[in-house]
Amino acid sequence: MRRLRHWGPGLLLLSPSLILLAVFVYGLIAWTTKVSLSDEHNALGSKGFVGLENFKNLFTNDIQDRFLHSLRNLLIFTVVFLVGALVFGLLWAFLLERGIRAEGFFRTIYLFPMAVSFVASGVVWRWLMNPITGDGAGGLNAIFGSLGLDFLQNKWWTNPDWGMAAMAMPAIWQLSGYVMALFLAGFRGIPQELREAAAMDGASTYRLYRNVIFPQLTPVALSALIILGHMSMKMFDLIMSVSGPQWLTEVPAVYVWQTLLTSDYAKAAAISIVLLLLVALVIVPYLIYTSRAEKNT
C-alpha cells in the first residue's frame, strides 16, 4: 500500500505517455515485424507465416540486387555526410571559439540552415546541382561556366560513379551548423583552469588543442556522430526533393516507399525492420556506453 502511494501519482501522470508510446511505437513495431514474417505481398492480405523468407529474398533474390544497391548508396551517403558535417562543424566552432569579430552574426549564419525544412532545401539544391552542362547549364554548373571554370562542371547526383556522394552536400550544408553548436558548447564547457595549467607548463597552441582541448571534445564528437548517423539512415525527404525516386540515389527509406506503392506490404515491412536494426546497431551501444559512463562518474 505504501509503494502504491509512493509510485501511484507518478504512474498516473505518466500513463497517457506510456500508453501512446506502447501503442504508436512499440505496438507498430510489433505489427510491422508480424507483417515482415508473412506473405502479404498484395492488397488481398496475408495467407500465412513464411518466417525469414522475406529477409532472405532481400539479400539473395531481389530484382537487380536492388536492396543491396540501396544499402551501398546509404553507406556512401552516410560516410560522406558524417565526415563533411563533423569537419565543417568542428572548423566553424574552432574559429568562433578563437574569438573572431561578429561572432553572433556568424553563429546565426551557420545555424540558419537548420531552420529550413529538408524539402525546401532539397528543392533549392536540386536547382543548384542541375546536371546539365555546357550552354544550357544551370545552378552551380552555370556559375562555373561564367567564371571560366568549365572543368568543374559535372553531372552531380546523376553521375554513376560518385553521384551519391554529391547527394550528401545538401545534408552537410544543413546540419554542419548543428554540429558547430555542439562543438562550440563543448569548447565553452572546458574549464579555464586546464588552459591556464597548460600555458604555465609551456605548451604551445598546437599542443594545447592537440593534448588538452580536443580530447575533452571526444564525448561531443561521439554524440554528434550518433545523432547524425541515425538521421542519415532515415533520410527520405531530402533525397526525394533533390533527385526523386531514382535508381542512382535510392536508399532503403525510398525503397520502402516505392515498395508500399506496389502494395507489397511484407517486403516493405522487411526493409523497415532491417533499417530499424541498423539504427539500433548505432544507437544501442551508445546508450549502453553513456549509461555506464554516468554510473562511473
Side-chain angles (χ1 to χ4, degrees), residues 74-116 121 140 149 152 162 164-233 235 238 278-297:
L74 179 62
L75 177 62
I76 296 173
F77 177 86
T78 300
V79 171
V80 176
F81 168 52
L82 290 179
V83 172
L86 289 174
V87 168
F88 282 107
L90 179 60
L91 176 62
W92 293 339
F94 173 76
L95 294 176
L96 293 178
E97 194 270 339
R98 297 289 292 172
I100 64 174
R101 293 183 178 181
E103 175 186 332
F105 171 76
F106 285 106
R107 189 167 60 241
T108 302
I109 293 297
Y110 294 152
L111 288 173
F112 173 74
M114 290 179 55
V116 182
S121 65
L140 293 175
L149 303 174
L152 291 178
W162 57 275
M164 203 62 209
M167 285 295 300
M169 291 172 55
I172 293 172
W173 170 80
Q174 192 152 7
L175 290 170
S176 56
Y178 172 72
V179 179
M180 179 272 298
L182 293 178
F183 278 122
L184 187 59
F187 277 123
R188 300 288 165 81
I190 297 175
Q192 186 65 26
E193 291 80 4
L194 291 177
R195 302 172 185 262
E196 295 175 353
M200 292 180 63
D201 291 338
S204 63
T205 302
Y206 170 78
R207 289 293 182 183
L208 172 64
Y209 280 92
R210 172 66 177 82
N211 298 327
V212 178
I213 296 180
F214 285 155
Q216 298 292 321
L217 297 177
T218 301
V220 177
L222 182 59
S223 298
L225 190 67
I226 298 301
I227 294 172
L228 297 183
H230 98 273
M231 290 180 64
S232 68
M233 292 183 185
M235 193 66 67
L238 179 63
L278 290 176
V279 173
L281 188 64
V282 172
I283 294 179
V284 172
Y286 171 73
L287 295 177
I288 295 174
Y289 167 78
T290 54
S291 177
R292 291 179 178 177
E294 290 177 356
K295 290 180 180 179
N296 294 331
T297 56

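Keep in mind it's a predicted model, so treat the numbers as computed, not measured. Counting from 1, the numbers follow the sequence of the chain as shown.
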Drop me the distance from His230's NE2 to Met235's CE, to the nearest 0.5 angstrom. 10.0 Å
Would you give the length of the straight line joining atom CE of Met233 to atom CG of Leu281, rounded to the nearest 0.5 angstrom? 7.0 Å
CZ of Phe88 to CG of Leu175, rounded to nearest 0.5 Å, is 13.5 Å
With a 3.5 Å cut-off and sequence neighbours excluded, list the donor-acceptor pairs that the side chains of residues 212-229 form with protein atoms.
residue	atom	partner	partner atom	Å
Thr218	OG1	Pro215	O	3.0
Ser223	OG	Pro219	O	3.0
Ser223	OG	Tyr286	OH	2.8

Report the C-alpha separation of Phe94 and Phe183 in whole Å, then their side-chain angles, then the decisive distance to 0.1 Å, and conclude whether the ring-ring contact (aromatic ring centres under 6.0 Å, His included) test is met. CA-CA 8 Å; Phe94 173 76; Phe183 278 122; over 10 Å; no
Rounded to the nearest 0.5 Å, how far apart are CG of Leu182 and CG of Leu90? 11.5 Å
Might you point out which heavy atoms bring Ser121 and Leu238 nearest each other, and give the distance in Å? OG-CD1, 3.8 Å
In terms of heavy-atom contacts, Ala198 and Leu208 come closest through CB-CD1, 3.6 Å
Rounded to the nearest 0.5 Å, what separation is found between the CE atom of Met180 and the CD atom of Glu97? 13.0 Å
Within the 4.5 Å heavy-atom criterion, are Trp162 and Met167 side-chain neighbours or not? no
Output for pair (Ser232 OG, Ile76 CD1), nearest 0.5 Å, gives 13.0 Å
Quick one: closest heavy-atom pair of Trp92 and Gly177, and the distance? CZ3-N, 4.1 Å
Show me the side-chain donor-acceptor pairs of residues 107-115 shorter than 3.5 Å, one per line, residues at least two apart or across chains.
residue	atom	partner	partner atom	Å
Arg107	NH1	Glu103	OE2	2.8
Thr108	OG1	Gly104	O	2.8

Heavy-atom closest contact (Val80 atom, Ala168 atom, distance): CG1-CB, 3.7 Å
Can you check whether Leu278 reaches Val282 side chain to side chain, under 4.5 Å on heavy atoms? no
